[in-house]
Amino acid sequence: MSQLQRLVIASEQLNNDSILLTTSQQHYLRQVLRLQESDRFIAVDRTGRWLLSQLTESSDQATIIEELDGDTELPVAVKLIIAMPKQGMDDIVRHCTELGVTTIQPVISDRTILKPSLQKVERWQRIAEEAAEQSERRFVPQVLTPESFGSMLTQWTVNSQAIDPNPTLSANQDIHQLPVPKAYLCAARHDAPHLQYVLSQQRLMQSNGRPDMVVAIGPEGGWTPDEITRAIAHGFQIVSLGRRILRAVTAPTVALSIIASVVECDVVPSS
């Protein structure tokens with residue numbers, strides 16, 4: 001069952017117990033995969049449902065057999081803020097989708113050179129769909145329209161007050177009781193704690209209608225000092241991805257890998 005092809009569909013394609021396939025989906029299933037009548041595939045309906053479906057005699061129709069159980073999503077929703085590099089956004093979208101990202105927000109920072117067209121954004125969304133199918137995701141990440149770094153900060157205020165990067169604990173308080181910043185700005189050449197250490201020390205709680213976590217990755221050359229200062233003022237915590245300087249197209253994959261390893265790792269029982 002798990003080896004069946006996944007196919008992302010839109011909600012308007014559903015009609016009771018049947019699916020109206022688009023021309024491109026018909027071509028993909030019938031011509032590329034060479035599926036025949038009665039062959040099965042799994043429709044992913046963008047709301048988190050896997051629908052076991054079967055091709056019918058009619059080339060543009062499929063029948064829904066049943067809804068399948070299973071969960072391949074991260075236990076937290078991750079929004080990636082990415083200052084677009086000159087090249088490599090296709091790979092960033094693909095790899096981060098495979099690793100479980102929920103939303104990708106491209107931003108134009110002070111050092112961003114790329115100014116993508118609407119067609120580019122539509123292409124990135126298609127790549128996210130293909131990667132979601134390949135990695136057996138229940139949800140397809142949403143690739144948002146690029147916006148300025150300042151606009152992103154205005155729309156996303158993590159906490160109403162600044163967070164002390166070096167909090168003092170009282171005798172009866174532990175780190176899990178402190179206010180938890182849900183947004184992290186990755187910066188190189190900065191005296192900042194490693195992202196993995198920070199996540200392992202903090203409880204990842206569900207937010208009301210907001211992504212559980214935001215991680216921001218800078219462009220070639222990194223964030224400017226002014227951008228870092230403004231991010232801190234809006235509640236972002238500055239973190240490191242390690243001692244080495246990563247390329248702008250490598251850092252998002254590293255960050256998502258760290259997040260996935262922390263939130264998905266199994267607890268080893270004590271002996």
Side chains of Q25 and Q13: donor-acceptor distance under 3.5 Å anywhere?
yes
Side chain of Q237, backbone of A192: donor and acceptor closer than 3.5 Å?
no
Are L21 and L52 connected in the hydrophobic side-chain network, where two residues link if heavy atoms are under 4.5 Å apart?
no
Got a sec: does the CD of Q87 have more than 12 other heavy atoms crowding it under 6.0 Å?
no
Looking only at side-chain N and O atoms, does T47 offer a donor or acceptor that is under 3.5 Å from a partner on D45?
yes
Please report the closest heavy-atom contact between L195 and A255, naming both atoms and the distance.
CD2-O, 4.0 Å
Any I42 side-chain heavy atom under 4.5 Å of L68 side chain
yes
Please check if the side chain of Q61 supplies one atom and the backbone of L55 the other of a donor-acceptor pair under 3.5 Å.
no
I'd like to check T97 versus R137 (side-chain heavy atoms, cut-off strictly below 4.5 Å). Are they in contact?
yes
CG-CG distance between L153 and L185, expressed to the nearest 0.5 angstrom:
8.5 Å
With a 4.0 Å cut-off, would you call D90 and R94 a salt bridge?
no
Mind checking the CG-CD spacing from D17 to E66? Nearest 0.5 Å is all I need.
12.0 Å
Heavy atoms only: give me the nearest V76-D212 pair and the separation to one decimal.
CA-OD2, 3.3 Å
Before you tell me yes or no, could you show the steps for T224 and D226 under side chain to side chain donor-acceptor pair (under 3.5 Å), namely the whole-Å CA-CA distance, both residues' side-chain angles and the distance that decides it to 0.1 Å?
CA-CA 5 Å; T224 64; D226 177 65; 5.0 Å; no
Who passes ring pair (Phe, Tyr, Trp, His ring centres under 6.0 Å) against W223, sequence neighbours left out?
F149
side-chain contact (heavy atoms from CB on, under 4.5 Å) between I238 and I228, worked out
CA-CA 8 Å; I238 308 304; I228 292 175; 3.8 Å; yes
Within the 3.5 Å criterion, strictly below it, is a donor on S24 or T22 matched to an acceptor on the partner's side chain?
yes
As an exercise, state the distance from CD of E129 to CD1 of I127, rounded to the nearest 0.5 Å.
11.0 Å
Under 3.5 Å donor-acceptor, T63 side chain and S18 backbone:
no
Atom CZ of R30: over 12 foreign heavy atoms under 6.0 Å:
yes
Quick check against the 3.5 Å criterion: does S135 have a side-chain atom that pairs as donor or acceptor with the backbone of A131?
yes
Find out whether T154 and S151 are in side-chain contact, i.e. whether some heavy atom of one side chain is under 4.5 Å from a heavy atom of the other.
no
Look at the side-chain heavy atoms of Ile, Leu, Val, Met, Phe, Trp and Tyr, link any pair under 4.5 Å apart, and say whether L7 and I19 land in one connected group.
yes
I'd like to know if the side chain of Q125 pairs up with that of Q142 as donor and acceptor (distance under 3.5 Å, no hydrogens or angles considered).
no
As a quick check of understanding, evaluate side-chain contact (heavy atoms from CB on, under 4.5 Å) for L51 and L14, giving each step before the final call.
CA-CA 11 Å; L51 306 173; L14 296 171; 4.0 Å; yes
For V101 and V78, the nearest pair of non-hydrogen atoms, with its separation, is CG2-O, 3.3 Å
Should L241 and I258 count as side-chain neighbours, where that means a heavy-atom distance under 4.5 Å?
yes
Using a 4.5 Å cut-off on heavy atoms from C-beta on, say whether the side chain of S240 contacts that of H190.
no
Is the closest side-chain heavy-atom distance between E227 and D110 below 4.5 Å?
yes
Are the side chain of D91 and the backbone N or O of G88 linked by a donor-acceptor pair below 3.5 Å?
no
Strictly by modelled atom types, are Q196 and S200 linked by a side-chain donor-acceptor pair under 3.5 Å?
no
Provide the closest heavy-atom pair for A251 versus L246 in the form atom of the first, atom of the second, distance.
CA-CD1, 4.1 Å
Do L144 and V121 belong to the same hydrophobic cluster, where Ile, Leu, Val, Met, Phe, Trp and Tyr are linked whenever their side-chain heavy atoms lie under 4.5 Å apart, directly or via other members?
no
Criterion side-chain contact (heavy atoms from CB on, under 4.5 Å) on E67 and W50, from CA distance to verdict:
CA-CA 6 Å; E67 183 174 345; W50 282 343; 5.8 Å; no
If you measure from CG on L20 to CD on E12, what distance do you get to the nearest 0.5 Å?
10.0 Å
Do you know which two heavy atoms are closest between A248 and P85, and how far apart they sit?
CB-CB, 4.0 Å
If you measure from CD1 on I108 to CD on E147, what distance do you get to the nearest 0.5 Å?
9.0 Å
Group every Ile, Leu, Val, Met, Phe, Trp and Tyr by side-chain heavy-atom contacts under 4.5 Å, then state whether L4 and I9 land in the same group.
no
Carboxylate-amine/guanidinium proximity below 4.0 Å for R111 and E220
no
If you count the non-hydrogen atoms of other residues, nucleotides and ligands that lie under 6.0 Å from CG in D191, is the total more than 12?
no
Are V214 and F236 close enough that some pair of their side-chain heavy atoms sits under 4.5 Å apart?
yes
Is the closest side-chain heavy-atom distance between H95 and L256 below 4.5 Å?
no
Minimum heavy-atom separation for L74 and G100, please, with both atom names.
CD1-O, 3.7 Å
Calculate, to the nearest 0.5 Å, the distance between atoms CD and CD1 belonging to Q54 and I64 respectively.
12.0 Å
In one Ile/Leu/Val/Met/Phe/Trp/Tyr side-chain cluster, 4.5 Å: V262, V239
yes
With side-chain contact (heavy atoms from CB on, under 4.5 Å) as the criterion, how do M152 and I81 come out once you've worked through the C-alpha distance, each side chain's angles and the decisive distance to 0.1 Å?
CA-CA 9 Å; M152 180 276 295; I81 306 294; 3.8 Å; yes
